[in-house]
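Order of the sequence lines sets the chain letters (A, B, ...), proteins ahead of strands, with each chain counted from 1. Hydrogens, waters and symmetry mates are skipped; everything else that's a heavy atom, side chains included, is used.
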Protein chains: 2
Amino acid sequence: MASSSNTPRNAAQARAQLLEAQDRFIASWGRMGSVWGISRTMAEVHALLYITGQPMCTDEIMERLGVSRGNVSMSVRSLLEWGVIEKVRHPGDRKEYFQAEQDVWSMLRAIARERIKREVDPLLDALDEIGELAPRVEGQSQEEVRDLHKRLDEIRDGFGLITTLAHKFAGPRGAGLQTAARLLAKAPVGRKKSHTSGRTKKGGDA
Amino acid sequence: MASSSNTPRNAAQARAQLLEAQDRFIASWGRMGSVWGISRTMAEVHALLYITGQPMCTDEIMERLGVSRGNVSMSVRSLLEWGVIEKVRHPGDRKEYFQAEQDVWSMLRAIARERIKREVDPLLDALDEIGELAPRVEGQSQEEVRDLHKRLDEIRDGFGLITTLAHKFAGPRGAGLQTAARLLAKAPVGRKKSHTSGRTKKGGDA
DNA sequence: TTTGATTTTCAGATTTCATTGAAAATCGCT
DNA sequence: AGCGATTTTCAATGAAATCTGAAAATCAAA
């Protein structure tokens, strides 16, 4: 598909390639967003701010992404609540500018944190309530009720463990996914399969 | 909210409570499903089969959940692909029955596996493509291009690490989330915060 | 305080995704 | 092989989420 020249002849071409690459990233991140139950625009705004690294105002975002003012306003608010972007002000300029958190791990942590809050915590609460609904009976051959509780408990334990870990490592003050990942990466396990398709340099220094 | 009698007087009441509790579980799991980008019905079918533990045929599922035949058919197929339910046949009965995987960890592993396949892998592929789009230039003050690559690499490394771990621990032949969880639970980290709302027993024996 | 630029809100339009239901295909039993 | 029960498919429908745009609210500067 990408047939034409890949090496820029001049500054203008290089710039066009840069924008094109940014747009592709924005689109991918946006697609991810929808899979995650995050609105596409919200993910795109985040992608734009992250990949450019520059503070941008509402109008710039609107123009670059081609979305409405209201949409940008709501997306930006959510991102602020998630703690993955922040407001910056320019002296002598009324506009608000927004800039993305630049540390990837901190960003990933914020994402994980939000998802757990929205997905897992409510389930655990519901499981607790449900358990109280059908009291464990004493005598009787109520095998079914026993099974129900066994299964509820197992799920609760499973998700409970995951949640505890998540709070520990992905919480706002947690040790960081990075730490967790390092710990696990060293753990002795049978198989091992690299995913990179070859070209990946050497990682960062973060 | 749950004001009325909580201790069943007779078998019929006990049964009603059981069904009610099951329905609540099904509803919760279904809600989780939609947050995850899984169709509500698919999650509900799974919940029903898991919580009852019994093999059920299409008509029973339709009736219990109040959904169409086509919907059940499609949901069941996806669940089979995910590997979280299986077909069982009764001798002398043409119908197909379905039964849920009963091990929670194996179930959670399957879920994690599917999500990574659908969410993370495509992103990594896209990142690779995008990187090739804007070639790193040598001379020039192309700071922006350098930044772009730095950010792309960081994201790729982050998700790459997560993916590697996931394959290692959540893959079909992986060591299991359980193992990962145990490893992490022991890891020394500052804070610690219990999530359970009190009544949780002592964990299982799994 | 006034002013005009900037942001927020939200009812309605739009888009996206899940579900239905009936026709077509499949499949096990005799 | 033939038959009826069972499952699968998919166009049409319905429901839900998302987005727009303009009016209302906010806010910094003069």
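- Atom CZ in B:Arg31 sits roughly 17 Å away from atom C1' in D:dA17 (whole-Å rounding).
- A salt bridge is defined here as a Lys NZ or Arg NE, NH1 or NH2 lying under 4.0 Å from an Asp or Glu carboxylate O, and A:Asp23 with A:Arg64 meets this definition.
- For the pair A:Val67 and B:Lys87, both in contact range of DNA chain D, the more 5′-proximal nearest nucleotide belongs to B:Lys87.
- A:Phe98 meets the ring-ring contact (aromatic ring centres under 6.0 Å, His included) test with no other residue; sequence neighbours excluded.
- Put simply, NZ on B:Lys95 is 8 Å from P on D:dT7, counting in whole angstrom units.
- At whole-Å resolution of the value, CD in B:Glu96 and C1' in C:dA25 are 14 Å apart.
- Between B:Glu44 and B:Arg40, at least one side-chain N (NZ, or NE/NH1/NH2) sits under 4.0 Å from a carboxylate O, which counts as a salt bridge.
- Computed from coordinates, the B:Met62 CE to D:dT8 C1' distance equals 13 Å when rounded to whole Å.
- In this structure, the nucleotide among D:dT6, C:dT8, C:dT6 sitting nearest to the side chain of A:Ser73 is C:dT8.
- In this structure, of C:dG28, C:dT6, C:dT19, it is C:dG28 that holds the atom nearest to the side chain of B:Arg94.
- Taking the side chain of A:Arg89 as heavy atoms from C-beta on, and the options D:dT8, D:dA28, C:dT7, the nearest nucleotide is D:dA28.
- Mapping A:Ser34 and A:Cys57 onto DNA chain C via the closest heavy atom, the residue that lands nearer the 5' end is A:Cys57.
- For the OP1/OP2 pair of C:dG21 and a distance below 4.0 Å, the side-chain nitrogens and oxygens of B:Ser68 include no atom meeting the criterion.
- Rounded to whole Å, atom P of D:dA24 lies 17 Å from atom CZ of A:Arg69.
- When the side-chain nitrogen and oxygen atoms of A:Thr41 are compared with OP1 and OP2 of D:dC19, one or more of them lie within a distance under 4.0 Å.
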Step by step, would you call A:Glu60 with A:Tyr97 a side chain to side chain contact (heavy atoms under 4.5 Å, CB included)? CA-CA 10 Å; A:Glu60 290 169 325; A:Tyr97 289 74; 4.1 Å; yes
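- For A:Asn71 and A:Gly92, each mapped to the nucleotide of DNA chain D holding its nearest heavy atom, the one lying further toward the 5' end belongs to A:Asn71.
- Taking 4.0 angstrom as the limit, A:Thr58 places a side-chain polar atom (N or O) nearer than this to OP1 or OP2 of C:dT7.
- Ion pairing of B:Arg156 with B:Asp153 is present here, as a side-chain N (NZ or NE/NH1/NH2) and a carboxylate O approach within less than 4.0 Å.
- A:Phe98 has its CZ atom 11 Å from the C1' atom of C:dT8, to the nearest Å.
- Taking only side-chain nitrogens and oxygens, B:Ser39 comes nearer than 4.0 Å to OP1 or OP2 of C:dT19.
- Rounded to a whole Å, the OH atom of A:Tyr97 is 15 Å from the P atom of C:dA5.
- The separation between B:Glu81 atom CD and D:dT8 atom P is 11 Å, rounded to whole Å.
- A salt bridge between B:Glu96 and B:Arg77 is absent, with no side-chain N of the basic residue lying under 4.0 Å from a carboxylate O of the acidic one.
- Taking only side-chain nitrogens and oxygens, A:Arg40 never comes nearer than 4.0 Å to OP1 or OP2 of C:dT16.
- Contact annotation: A:Arg77 reaches the phosphate of C:dT9 (side-chain N/O to OP1 or OP2, under 4.0 Å).
- Listed candidates were C:dT9, D:dT8, D:dC10. Nearest to the side chain of A:Met74 is C:dT9.
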